[in-house]
Number of protein chains: 2
Amino acid sequence: MPTVYDVARLAGVSTATVSRVMRGSDLVRPDTRARVLAVIDEVGFVPDASAQGLSRRRKDIIGLVALERGVDETDIERDGLLFVDQLVHAVEAVLRGTGCSLLLSFGRNGEPFQGRIRALSGKVDGLLVVEDAMPAAQLRALSRRLPVVAIAASPGEGGLDAVRVDNAGGMQALAAHLATGHGYRRLGFAGGPPDAPDAVERLAAFAAAARARPGCTVDVVPGGDFSEASGRTAARVLLSREAVPEAVACANDQMAIGVIRELQRSGIRVPADVAVTGFDNIFPGRVVDPPLTTVGQPFRELGARATTRLLERIAGSEAQPRADVLPTELVIRRSCGCPVTPSPAT
Amino acid sequence: MPTVYDVARLAGVSTATVSRVMRGSDLVRPDTRARVLAVIDEVGFVPDASAQGLSRRRKDIIGLVALERGVDETDIERDGLLFVDQLVHAVEAVLRGTGCSLLLSFGRNGEPFQGRIRALSGKVDGLLVVEDAMPAAQLRALSRRLPVVAIAASPGEGGLDAVRVDNAGGMQALAAHLATGHGYRRLGFAGGPPDAPDAVERLAAFAAAARARPGCTVDVVPGGDFSEASGRTAARVLLSREAVPEAVACANDQMAIGVIRELQRSGIRVPADVAVTGFDNIFPGRVVDPPLTTVGQPFRELGARATTRLLERIAGSEAQPRADVLPTELVIRRSCGCPVTPSPAT
DNA sequence: TACGACTTTGTAAGCGGTTACATTCAGCTG
DNA sequence: CAGCTGAATGTAACCGCTTACAAAGTCGTA
């Protein structure tokens, strides 16, 4: 593994010059530069990022820590991941332009995740924390040591950069559509993990919006985990009730898909007998039958905004911490009872 | 940002002792250890990974480079990613136990991906390369500088650790099922990217296996990109033929889903009029109507095996490079024309 | 009490880059 | 041609941690 010293010796220059050539130039005579570049190319020199990081006090790596949801221990149900996967791609896309790389770390709640985050924090220039992947206190402590941007975290956290989506707005629009648009009165809700801020907000907003309408009731089934399986479970609970709801909203799309499939397995028609809706707008929701009415969230923008902000902080921005809320959008398809949409490729 | 020196001073010991305490002990007297730990905790010391990496010649980071497939420029079609996403989670799960972290880098082909990989190679101890994310020559060069394990790469590459799945076996089983099991004779195939080794193998194996059977023909539509949209396109091509195939196999599940939906849009029943099959066995395939018959590949094992091998190499293993082939498995659901399977939650 | 034989701790030299500062060099000017 | 100036290059300290080796304790024994 060649080092700057090797290159310097071979090119007959000092390490300073090699370094200057590497970092896009400074003042190096063209022929010197050419000579150095030739040697670099010949010996296949690649600077050691550790040494660079140490010397420049900057690692050009940011970390993303997230909870791995809806993946069960046996690894069979691999369907809960779409949200974080989308995010990862969005973040990576932004980083692509910069020299920065993305370090990933997933945890399942209950695990001793904290130690890993600690260690990880030594490897990065800044951290993206998804949901409440760590206790608020620790998050604050962390954010004193390095730039941190929270994604989809609990709104409570002040004094911290954060980006989230408008869960409440989306759910209100959805509740209006179901109650006012379709006239459903007996509503149900398949709730997500109590430790997922998004899930909590969605549940609260939907229930509040629905109950605010005269005659509307909401039968809440809490305790899902964002997975399809937990949607099925919720459906079974709802089916066991005296009065099965006319429409069931869900904490996310996977759960909605689980609800749909479980209902169908029991011979119930969706949406004719029971309407079902999700949240997220991920690919499988377009594919399921009936296509899922849902609230779309701007994954791309969510990841991009958070990443951009983090990079600014790393670059030294001292601006006031901001908590951005990105708009969500009601995506009407058929599972809510709306007629076929004639869109070309939905 | 406290350093070992700060901790040492505060605890009244030398940096060597601090270091010894950090790295799980050596021979440090219990009370000394306690004192040091107290200081570490108090000042919130986290060792700088760059300095550690430099000193220990080991960064405890491995990289994963992959092509981002089936994502179109406008970011609207976000459905081509499931394969690599699965892989990422599988790899991360293995790393979880170790102190190693995962650095991610995606490229789209055509992009100047090579430079980024070069830079990235300075940040990691080893690299996982998915598909032919880089030219064979460069891959060889890379593998001389650091441990590299290829995932789902072209079989050609000798002398390199590689893990792939048995595309051919899976496709042969599928062809047998369609031709012998169902008696289909006019077959179609929606091909994937010509630069995707998996896609090439699947196409070749399916065509060969099918054509080996008396009376069987295969109408190949090449040039897909693994996305649902490209499946739709393939379906349109197939529909324009004089004789529409009785069964269409596809390079992956997303394309199969695209084919199904496009056929349905044209009023063709699946599988009654045309059977359709995929490859991968990802979540959306379970959800689409009809549920997708496909060839399952062991994502988890694929990622795990590659990661384990890479870690061994990093640890210094000098074993002969191996090219493992993991078994695939025919997953019969309904899109091939088989009757409803009574499985509990498929 | 003195002497080994361990155990515990400290000293200081790297690890491979970057960069402030010093030095050299070439080209002008007076 | 000495002296000056700015460009090009070299020197060496430093980034923060690890670790070989040296030094200092500690203890039991002769």
request  = Describe the nucleic acid contact of G12(A) in one word from base, sugar-phosphate, nothing, applying a heavy-atom distance below 4.0 Å.
outcome  = sugar-phosphate

key: Nearest-Å distance for atom pair CZ/P, residues R35(A) and dA8(D)   = 14 Å

message = For R322(B), is there an ion pair with D161(B) - N to carboxylate O distance below 4.0 angstrom?
response = no

task = Using salt bridge (Lys or Arg N to Asp or Glu O under 4.0 Å) as the criterion, point out the one residue from D225(A), D195(A), D198(A) that pairs with R69(A).
result = D195(A)

message = Can you build the contact string for nucleotides 13-20 of chain C? Use B for base contact, S for sugar-phosphate-only contact, and - for no protein heavy atom under 4.0 Å.
response = -BBBBBB-

inquiry  = Are F45(A) and D6(A) packed together at the side-chain level, in the sense that at least one heavy-atom pair is separated by less than 4.5 angstrom?
reply    = no

key: Whole-Å distance separating the CG atom of L27(A) from the P atom of dG10(D)   = 13 Å

Interatomic distance, R29(B) CZ vs dG10(C) C1' [rounded to whole Å] = 14 Å

Ion pair D324(B)/R305(B), N-O distance below 4.0 Å = yes

ask   = Would E92(A) and R116(B) pass as an ion pair if we require N to O under 4.0 Å?
value = yes

key: Donor-acceptor contact present, side-chain T308(B) to main-chain A304(B), <3.5 Å   = yes

